[in-house]
Amino acid sequence: MPRILIIDDEKAIRNTLKEILEYESYTVDQAEDGPTGLDMLIKTKYDVVLCDIKMPKMDGIEVLERAQIAAPDAAFIMVSAHGNIDTAVDATKKGAFDFIQKPPDLNRLLVTVRNALDRTKLVTETKTLKKKIAKSSEMVGASPELEAVRKQIAKVAPTDARVLITGPNGAGKEMVARQLHELSNRAGGPMIEVNCAAIPSELIESELFGHEKGSFTSAVKQRIGKFEQADGGTLFLDEIGDMSLSAQAKVLRALQESKITRVGGEKEISVNVRVIAATNKDLQQEIAERNFREDLYHRLSVILIKVPALNDRRDDISDLVQRFLQDIARDYGDKPKIMDAKALDYLKALDWRGNIRELRNVVERLIIMSDDTITEADAKAFAGK
């Protein structure tokens with residue numbers, strides 16, 4: 001149930017607002033002055049705060065400024081009988097969601113509160129999603145091979161150097177790319193991913209650079225490409241070894257000039273993008289077979305990071321299994337199952353050609369098919385090896 005705090009020195013106003021909002025099924029608390037309201041904000045999580053501006057002890061603008069530290073997620077709606085445009089602008093600049101005048105219009109008040117609640121919900125969902133993404137991109141394990149990759153990431157991430165990540169399918173190349181972005185100066189910007197192998201060759205240029213309306217038969221409206229979407233952030237070109245030669249030529253130009261042109265367009269558009277690429281192919285062999293441009297390879301591979309196969313870091317399997325047991329149980333809304341030592345030893349001895357992705361699938365299968373404790377017999381029966 002949404003929780004709302006009313007901070008106002010006039011008891012009649014507080015009671016009126018409380019009555020209106022409780023009729024809409026909101027949980028409402030009251031504070032008669034700024035210091036009391038701040039104390040309540042520290043102790044209780046509120047979704048929305050209705051705060052008067054002119055109050056004794058502490059005015060509403062000061063309450064707002066202090067609440068940005070004490071309760072940054074609460075949406076503040078400032079209320080005043082003495083407000084004007086300058087007051088509203090000042091309050092908004094200091095972090096208020098909106099400003100309404102006393103006596104408040106009932107419909108205006110309720111619409112503003114609903115909008116503020118939507119904003120609070122969106123902020124909460126965004127934070128949750130970011131935490132999930134950060135956790136999903138965390139590299140699990142303490143093997144020397146993985147530690148070497150972590151050290152490379154720590155050195156390279158703060159720079160704008162282009163990185164080429166190599167390694168077999170399912171080894172965690174995308175996780176490396178995410179870590180590079182999250183530890184970079186561009187972490188506040190977008191990270192846009194493009195799976196070059198999943199896009200037909202005739203559409204890859206439109207996907208990367210966008211297109212103008214009418215530039216080809218199905219181009220019914222203008223499209224912004226991935227390079228533009230990633231402006232100020234990171235563009236991750238996954239499976240770049242599968243990109244067509246014509247698209248490679250345009251990517252090379254974009255890297256050389258930091259400019260792109262949409263398909264069917266004439267205007268050059270400047271882009272500020274850090275490019276990280278990944279492939280499971282041997283690009284040197286692809287160059288020899290004339291499937292990949294050597295000049296593009298050298299543009300992309302300022303830094304080379306090789307992600308080891310799971311078979312080359314078996315010491316990490318225990319940590320990975322424990323993480324998967326926790327993560328999958330959370331996704332299913334269940335308590336984590338236990339894997340006994342013999343079952344774990346059995347998994348460690350297997351050949352993991354599908355790497356971490358395959359291991360996760362096997363752990364999920366074992367969780368579904370086993371009882372509370374996953375035994376060696378379960379592993380032999382359901383590992384699918």
Side-chain angles (χ1 to χ4, degrees), residues 93 126 129-130 133 137 153 155-165 173-174 176-279 283 287 292-305:
K93 282 183 177 178
T126 301
L129 184 59
K130 283 185 175 179
I133 291 171
S137 65
I153 291 171
K155 286 184 178 180
V156 175
T159 74
D160 259 354
R162 297 186 196 105
V163 182
L164 178 61
I165 307 166
K173 298 188 292 297
E174 181 183 343
V176 173
R178 285 197 172 278
Q179 288 278 298
L180 286 167
H181 174 72
E182 288 164 11
L183 297 175
S184 75
N185 298 326
R186 295 173 176 265
M191 178 175 173
I192 303 297
E193 300 178 36
V194 181
N195 187 333
C196 301
I199 303 169
S201 58
E202 62 270 17
L203 297 179
I204 187 72
E205 290 179 33
S206 171
E207 189 76 16
L208 291 174
F209 309 113
H211 62 249
E212 299 293 352
K213 181 180 178 180
S215 55
F216 48 87
T217 305
S218 58
V220 294
K221 61 181 180 179
Q222 185 189 71
R223 178 191 177 97
I224 303 300
K226 300 299 187 184
F227 266 90
E228 285 183 79
Q229 292 175 34
D231 191 46
T234 303
L235 180 65
F236 176 43
L237 300 176
D238 197 11
E239 303 302 348
I240 196 166
D242 293 286
M243 183 181 286
S244 68
L245 286 168
S246 61
Q248 288 177 35
K250 291 200 172 185
V251 169
L252 177 64
R253 177 178 175 272
L255 297 182
Q256 288 172 332
E257 302 176 13
S258 295
K259 292 179 181 178
I260 59 104
T261 303
R262 295 182 192 137
V263 175
E266 297 178 359
K267 179 184 174 184
E268 288 190 332
I269 301 165
S270 295
V271 288
N272 173 20
V273 172
R274 181 190 193 178
V275 173
I276 298 172
T279 183
L283 290 189
I287 291 168
F292 201 84
R293 294 180 64 112
E294 186 172 9
D295 46 4
L296 177 58
Y297 173 80
H298 291 303
R299 284 278 175 181
L300 293 171
S301 60
V302 176
I303 302 292
L304 275 168
I305 296 180

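These numbers come from the heavy atoms of this one structure, side chains and all, not from hydrogens, waters or symmetry mates. Position 1 is the first residue of the sequence, and the numbers go up from there.
- In terms of heavy atoms, Leu283 sits closest to Gly241 at CD2-CA, 3.9 Å.
- Atom NZ of Lys250 and atom CG of Leu208 lie 10.0 Å apart (nearest 0.5 Å).
- Exactly one of Val194, Thr279, Asn195, Ile276 qualifies for a side-chain contact (heavy atoms from CB on, under 4.5 Å) with Leu237. That residue is Val194.
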Report the C-alpha separation of Thr234 and Leu180 in whole Å, then their side-chain angles, then the decisive distance to 0.1 Å, and conclude whether the side chain to side chain contact (heavy atoms under 4.5 Å, CB included) test is met. CA-CA 9 Å; Thr234 303; Leu180 286 167; over 6 Å; no

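- Residue Lys155 holds its NZ atom at 10.0 Å from CD1 of Ile303, rounded to the nearest 0.5 Å.
- With hydrogens and angles disregarded, a donor-acceptor distance shorter than 3.5 Å links the side chain of Ser244 to the backbone of Ala247.
- Between the CG atom in Leu296 and the CD1 atom in Ile287 there is a gap of 8.5 Å [rounded to 0.5 Å].
- Listed for the Gln229 side chain is a donor-acceptor partner under 3.5 Å among the backbone atoms of Ile224.
- Ala230 and Leu235 get closest at one heavy-atom pair: CB-CB, 4.0 Å.
- In this structure, CD1 on Ile204 lies 10.5 Å from CD on Gln248, to the nearest 0.5 angstrom.
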Go through the steps to decide whether Glu266 and Thr261 satisfy the test side chain to side chain contact (heavy atoms under 4.5 Å, CB included), and finish with yes or no. CA-CA 7 Å; Glu266 297 178 359; Thr261 303; 5.7 Å; no

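- Side-chain atoms of Glu207 do not come within 3.5 Å of backbone N or O of Lys226 as any donor-acceptor pair.
- Closest approach of Phe236 to Lys173, counting heavy atoms only: CZ-O, 4.4 Å.
- In this structure, Ala197 and Glu239 approach most closely via the heavy-atom pair CB-CB, 3.9 Å.
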Run the side-chain donor-acceptor check on residues 156-165: report pairs under 3.5 Å with partners two or more places apart or on a different chain.
unit_1, atom_1, unit_2, atom_2, d
Thr159, OG1, Val156, O, 2.7
Thr159, OG1, Ala161, N, 3.2
Asp160, OD1, Arg186, NE, 2.9
Asp160, OD2, Arg186, NH2, 3.1
Arg162, NH1, Arg299, O, 3.3
Arg162, NH2, Leu255, O, 3.1

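- Under the 4.5 Å side-chain criterion, counting only non-hydrogen atoms from C-beta, Asp295 is not in contact with Gln256.
- Atom CD1 of Ile269 is separated from atom CZ of Arg262 by 3.5 Å, given to the nearest 0.5 angstrom.
- Annotation: the span from Ile260 atom CD1 to Ser258 atom OG amounts to 11.5 Å, rounded to 0.5 Å.
- Proximity of a side-chain donor or acceptor of Asn272 to a complementary backbone N or O of Gly232 within less than 3.5 Å is not detected.
- The pair Glu193-Arg178 counts as a salt bridge, with a side-chain nitrogen and a carboxylate oxygen less than 4.0 angstrom apart.
- The nearest pair of heavy atoms linking Glu205 to Ser246 is OE2-OG, 3.2 Å.
- Ring planes of Phe216 and His211: perpendicular class, angle over 60° (limits at 30 and 60°).
- The minimum heavy-atom distance between Gly189 and His181, with the atom names listed, is O-NE2, 3.2 Å.
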Side chain to side chain contact (heavy atoms under 4.5 Å, CB included) between Val251 and Phe209, worked out: CA-CA 9 Å; Val251 169; Phe209 309 113; 4.0 Å; yes

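- Under the 3.5 Å distance criterion, the side-chain polar atoms of Glu268 are left unmatched by any main-chain donor or acceptor of Lys259.
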